[in-house]
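I have placed the structure first, in the form of structure tokens, so that the comments after it can refer back to it.
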Amino acid sequence: MVSVTLGWLGTILYLLAHAWLSLLKNKATYHYYLANLVAAILVATSSYLIASWQAVVINVFWALVSFAAMKNYVLPRLPFSNAQLYGLLGVMFLAGAGGLLFAYAQQGMAILAWSSSIAYCLGYWRFSAGRLSQQSYYLVNTYAAVMLLPQLYTDANWPVLVLQIVWASVSLWGWYKGREGYVLSP
């Protein structure tokens with residue numbers, strides 16, 4: 001099936017780029033953004049074909065920001081701070097978790113998935129614009145990946161589900177590795 005093949009190719013490319021940034025490099029480069037652009041197009045197409053809408057939104061946005069970063073466009077400032085982003089995500093998390101706890105599972109799951117979309121999109125924008133530290137970017141990515149899992153399972157979007165599990169793990173490792181004073185042993 002074409003959608004599955006595209007999804008797995010995009011997933012592998014995303015993970016290679018994210019692992020390269022998180023585990024080997026300390027700075028995003030042209031090649032990092034190029035890999036993200038191609039991966040985003042593949043995963044967005046795959047997700048569109050199976051109507052997994054949060055994944056479509058995330059990946060179309062990711063492709064646009066990656067393209068802008070590759071071309072060295074200066075991304076405009078967004079009219080909110082990192083603290084406001086975290087506050088919005090916190091409110092959405094509480095609303096989604098509340099829905100899950102009080103017998104509104106479908107609505108709760110959708111709110112959590114859309115909070116993931118917001119976290120991914122706005123976190124990537126702020127990171128690419130130099131307004132979110134790499135350490136904070138890793139934590140935002142971890143949140144976004146975990147919050148999207150239930151919806152991807154429901155959508156049977158297996159390539160992106162696996163992508164999110166590994167993405168969260170790599171993000172946490174990148175955060176841990178980047179903490180002040182951490183040194184990789186030879």
inquiry  = Could you check whether any side-chain heavy atom of Leu85 comes within less than 4.5 Å of a side-chain heavy atom of Ile118, counting everything from C-beta outward?
reply    = yes
query = Just checking, any donor-acceptor pair under 3.5 angstrom between side chains of Gln164 and Tyr153?
reply = no
ask   = Between the main-chain N or O of Arg131 and the side-chain N or O of Asn82, is there a donor-acceptor pair closer than 3.5 Å?
value = yes
remark   = Scanning both residues in full, the closest heavy-atom pair of Ala55 with Leu152 reads CB-CD2, 4.4 Å
ask   = Are Val4 and Trp158 close enough, and set up right, to give a side-chain contact (heavy atoms from CB on, under 4.5 Å), and what steps lead you there?
value = CA-CA 8 Å; Val4 172; Trp158 307 123; over 6 Å; no
inquiry  = Taking Ile50 as the starting point, is it possible to reach Leu161 by hopping between hydrophobic residues whose side chains are less than 4.5 Å apart?
reply    = no
inquiry  = For Phe93, is the CZ atom crowded, meaning more than 12 foreign heavy atoms sit under 6.0 Å from it?
reply    = no
key: Short side-chain donor-acceptor distance under 3.5 Å, Ser52 and Asn157   = yes
message = With a 4.5 Å cut-off on side-chain heavy atoms, are Tyr86 and Val140 touching?
response = yes
inquiry  = Students often mix this up, so state it plainly: with edges at 30° and 60°, are the rings of Phe127 and Tyr137 parallel, tilted or perpendicular?
reply    = parallel
message = Whether the side chain of Ser116 engages the backbone of Met147 through a donor-acceptor N/O pair (distance < 3.5 Å, no angle test) should be reported.
response = no
key: Atom pair CD (Gln106) and CD (Gln151), whose distance is rounded to the nearest 0.5 Å   = 6.5 Å
query = Can you name the nearest heavy-atom pair linking Thr142 to Ser171, along with the distance?
reply = OG1-CB, 3.3 Å
message = Could you check whether any side-chain heavy atom of Ser47 comes within less than 4.5 Å of a side-chain heavy atom of Val160, counting everything from C-beta outward?
response = yes
message = In the structure I gave you, are the side-chain heavy atoms of Tyr14 and Val166 within less than 4.5 Å of one another anywhere?
response = no
ask   = Is Trp173 reachable from Ile12 through a run of hydrophobic residues whose side-chain heavy atoms are each under 4.5 Å from the next?
value = no
inquiry  = Under 4.5 Å between side-chain heavy atoms, counting indirect links through other Ile/Leu/Val/Met/Phe/Trp/Tyr residues: same cluster for Leu75 and Trp62 or not?
reply    = yes
request  = Kindly say whether Ser46 contributes a backbone atom to a donor-acceptor pair with the side chain of Ser3 at under 3.5 angstrom?
outcome  = no
key: Heavy-atom check, side chain of Leu148 versus side chain of Ile58, under 4.5 Å   = yes
ask   = Heavy-atom distance under 4.5 Å between the side chains of Leu112 and Leu100, does that happen here?
value = yes
request  = Over 60° means perpendicular and under 30° means parallel, so classify the ring planes of Tyr124 and Tyr33, tilted if in between.
outcome  = tilted
message = Please report the interatomic distance OG(Ser66) to OH(Tyr30), rounded to the nearest 0.5 Å.
response = 11.5 Å
task = Mind listing the closest non-hydrogen atom pair of Leu13 and Ala39 along with its distance?
result = CD2-N, 3.7 Å
inquiry  = Once rounded to the nearest 0.5 Å, what's the spacing between atom CG of Leu64 and atom OG of Ser128?
reply    = 11.5 Å
task = Show your reasoning for whether side-chain contact (heavy atoms from CB on, under 4.5 Å) applies to Thr5 and Leu9.
result = CA-CA 6 Å; Thr5 302; Leu9 289 173; 4.2 Å; yes
task = Look up atom CG in Asp155 and atom CE in Met109, then write down how far apart they are to the nearest 0.5 Å.
result = 8.0 Å
task = Enter the distance from Leu163:CG to Leu15:CG here, rounded to the nearest 0.5 Å.
result = 5.0 Å
query = Can Val146 be reached from Leu101 by stepping across I, L, V, M, F, W or Y side chains whose heavy atoms are under 4.5 Å apart?
reply = no
Minimum heavy-atom distance between Ile41 and Thr45, given as atom pair plus value = O-OG1, 2.8 Å
ask   = Is the closest side-chain heavy-atom distance between Leu172 and Tyr138 below 4.5 Å?
value = no
Straight-line distance of Thr11 OG1 to Leu42 CG, nearest 0.5 Å = 9.0 Å
ask   = Are Tyr73 and Tyr32 connected in a single hydrophobic cluster, I mean Ile/Leu/Val/Met/Phe/Trp/Tyr linked by side-chain heavy atoms less than 4.5 Å apart?
value = yes
message = Run Asn141 and Trp175 through side-chain contact (heavy atoms from CB on, under 4.5 Å) and show every step you take.
response = CA-CA 10 Å; Asn141 272 275; Trp175 171 81; over 6 Å; no
inquiry  = Contact between Ser115 and Tyr143 at the side-chain level, heavy atoms closer than 4.5 Å - yes or no?
reply    = yes
request  = Report the C-alpha separation of Val57 and Trp114 in whole Å, then their side-chain angles, then the decisive distance to 0.1 Å, and conclude whether the side-chain contact (heavy atoms from CB on, under 4.5 Å) test is met.
outcome  = CA-CA 9 Å; Val57 168; Trp114 284 112; 3.9 Å; yes
